[in-house]
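Given the structure is predicted, the values throughout are model-derived calculations rather than measurements. Letters A, B, ... are given to chains in the order of the sequence lines, protein chains preceding strands, and every chain is numbered from 1.
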Amino acid sequence: MIDLNKLKDNPKLAEKLTAKGSTADIDHLFSLNDSKNTMQVELDDLKNKKNEISKLIGELAKNGENIDEDKNKSNEINESIDALQEKFNLAKTELSGLLLSIPNIPDDDVPIGSNEEANIVVSESIYTQKSDGLDHTQIGELIDGVDFNKATLISGARFVVLKGKVAKLQRALIQFMLDEAENNGYQEQYVPYIVNTESLIGTGQLPKFEEDQFKVDDNKYLIPTAEVPLTNLLRDTTLNESDLPVKLTAHTPCFRSEAGNYGKDTKGMIRQHQFEKVELVKFVHPEESDKALEDLTDNAAQLLDKLELSYRKVVLCTGDLGFSSAKTIDLEVWLPSQNCFREISSCSNFRDFQARRINVKVKNSKNKYIPHTLNGSALAVGRTLVAILENNYVEGEGVHIPSVLSKYLDFSLIEEKN
RNA sequence: GGAGAGGUGGCUGAGUGGUCGAAAGCGGCACCCUGCUAAGGUGUUACACGGGCAACUGUGUCGAGGGUUCGAAUCCCUCUCUCUCCGCCA
């Protein structure tokens with residue numbers, strides 16, 4: 001949630017919102033806020049009168065005096081209160097609805113642009129970089145480890161079944177990523193995969209992106225990412241400053257309805273309704289969040305280095321930035337079948353945007369402040385699997401397992417069948 | 001799924017219509033006293049929103065939302081969460 005006062009003090013911020021694609025009417029927001037406040041003053045004043053009369057009635061009644069006149073007066077005031085309260089509530093509801101629908105303000109160093117073409121590549125780390133390779137669906141068939149037909153049979157489109165060594169490889173990747181996260185100081189969590197509306201509002205998926213979520217019940221949704229349960233772990237809490245930074249990690253499946261992505265990546269495992277991911281989440285002191293984003297991105301990038309997968313680091317432009325994010329750095333891994341880099345991790349600094357929504361504060365001996373939150377994938381496991389299949393495939397042999405995973409697996413090659 | 005109990009401030013826990021934002025204790029903080037690793041004394045100690053340069057001040061909050069009433073932590077309704085017992089179950 002953005003800070004209205006900050007927006008008021010700095011009109012330039014409104015332009016940045018526009019650069020992010022927000023169509024919010026900021027002036028309307030201000031006037032709505034003003035009229036809400038005016039009403040609140042009036043309302044409080046009326047309630048104050050009412051309270052005083054009630055107190056008076058109490059005293060009069062105790063002394064056995066006549067209270068009819070004051071009761072009438074009080075009833076009149078109550079009518080005024082009811083009328084005004086209704087208007088006030090409407091204004092308040094509208095205001096909070098609008099505020100929840102306004103995206104975060106991009107950082108100053110975020111490139112301006114309307115789509116991914118304006119993103120800036122900051123670095124590349126190249127190991128081997130094959131091109132025109134087989135894609136993972138073909139390789140999956142050759143090694144008999146990936147089955148989309150069975151997934152379609154039992155569930156439908158955009159699901160996958162992994163078999164044998166490929167399934168084990170995915171499990172090993174998860175284990176590897178969690179171990180690395182722990183080495184980097186993140187505490188592992190096991191969290192619910194179903195969350196309530198409040199949690200999704202807290203991290204910013206709701207109210208605007210309801211159609212992207214899988215709803216399982218009134219007020220209950222499958223998580224689109226572990227960011228949601230992990231970040232909401234601290235909802236409505238006040239932390240001690242000495243607790244910072246809070247660093248959490250979890251492996252979870254992620255569920256996305258991918259509404260509005262018809263025709264995009266329809267083939268293969270790139271865009272699925274269900275995929276595995278290891279997520280990193282941090283709560284840090286506001287002054288530390290820039291550094292924290294770098295560290296977080298490094299934590300994710302190191303995984304790709306250890307897996308010896310080629311990747312590049314990209315700063316997302318304003319138009320490509322997620323709703324809640326002030327700055328996002330994507331890691332994109334090389335896919336030989338597509339001859340391009342594809343997103344495999346997204347590391348974001350949310351500043352105080354989510355923290356305000358989830359009402360988390362930090363106190364020290366002097367005062368209270370709102371911490372900054374960050375998160376990033378480390379990594380998207382499904383896409384990592386795709387990258388390994390495609391990059392490590394050798395014709396006539398099969399898929400070679402990255403050596404860093406050897407301690408998790410009792411094989412180093414997934415052979416072709418026949 | 002069935003039956004019951006209950007949600008009060010950081011914690012324990014009083015409080016069944018007005019003087020209750022709420023006793024008391026614990027804990028926290030500040031100061032004082034005390035020459036000994038402790039004890040005692042005094043004061044202070046919720047949050048949100050609004051108004052005001054500020055001192056300060058108004059409103060709201062006793063799980064949530066409605067209702068009754070001039071007035072609700074207290075009475076009524078709905079919801080929700082927690083706990084106990086039974087059933088079922090990985």
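In this structure, the CG atom of A:Leu32 is 17 Å from the P atom of B:C49, given to the nearest Å. The CG atom of A:Asp44 sits 7 Å away from the P atom of B:G60 (whole-angstrom rounding). In this structure, the CD atom of A:Glu59 is 8 Å from the C1' atom of B:U19, given to the nearest Å. The CG atom of A:Asp70 sits 18 Å away from the P atom of B:U69 (whole-angstrom rounding).
Contact annotation for A:Ser74: backbone-only contact, meaning every heavy-atom pair under 4.0 Å involves sugar-phosphate atoms and none involves a base. Across all strands shown, A:Lys92 has no heavy atoms under 4.0 Å from either base or sugar-phosphate atoms. Contacts of A:Lys363 with the nucleic acid, taken as non-hydrogen atoms under 4.0 Å apart, are absent. No engagement by A:Ile53 is indicated, since no non-hydrogen atom pair under 4.0 Å with the nucleic acid exists.
Here A:Asp352 does not pair with A:Lys361 in a salt bridge; the nearest charged N to carboxylate O distance is not below 4.0 Å. Using a cutoff of 4.0 Å between basic side-chain nitrogens and carboxylate oxygens, A:Arg351 and A:Asp107 are scored as salt-bridged.
Sorted by first and then second residue, the ring-ring contact (aromatic ring centres under 6.0 Å, His included) pairs with a member in residues 134-163 of chain A read A:Phe159-A:His273; sequence neighbours excluded.
Distances shorter than 4.0 Å separate some side-chain N or O of A:Asn48 from OP1 or OP2 on B:U59. Proximity of A:Lys368 to the phosphate of B:C47: a side-chain N or O atom is located under 4.0 Å from OP1 or OP2.
For the pair A:Lys208 and A:Phe323, the cation does not sit on the ring face, since its NZ or CZ is not both under 6.0 Å from the ring centre and inside 45° of the axis.
With 3.5 Å as the limit, one finds a donor-acceptor pair spanning the side chains of A:Gln354 and A:Thr373. For the residue pair A:Ser346 / A:Asp330, a side-chain donor-acceptor distance below 3.5 Å is found, with atom types taken as modelled. A donor and an acceptor atom, one from each side chain of A:Tyr369 and A:Asn364, are nowhere located under 3.5 Å apart.
Annotation: B:C49 and B:U44 have their C1' atoms spaced 25 Å apart (nearest Å). For B:C77 and B:A24, the P atoms lie 34 Å apart once the distance is rounded to whole Å.
Checked against B:U19, B:C70, B:G50, the side chain of A:Asn75 finds its nearest nucleotide in B:C70. Out of B:A48, B:C49, B:G71, the shortest distance to the side chain of A:Ser54 is found at B:G71.
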Response to the item:
RNA chain B in dot-bracket form (Watson-Crick or G-U pairs under 3.5 Å, [ ] crossing, | inter-strand) is ((((((((.[[[..)..(.....]]]((((((.......))))))((((((....)))))).[[[[[..)....]]]]])))))))....
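Between A:Asn72 and A:Phe88, the one whose closest nucleotide on RNA chain B sits nearer the 5' end is A:Phe88. With the nearest nucleotide of RNA chain B identified for both A:Lys220 and A:Asn78, A:Asn78 has the one nearer the 5' end.
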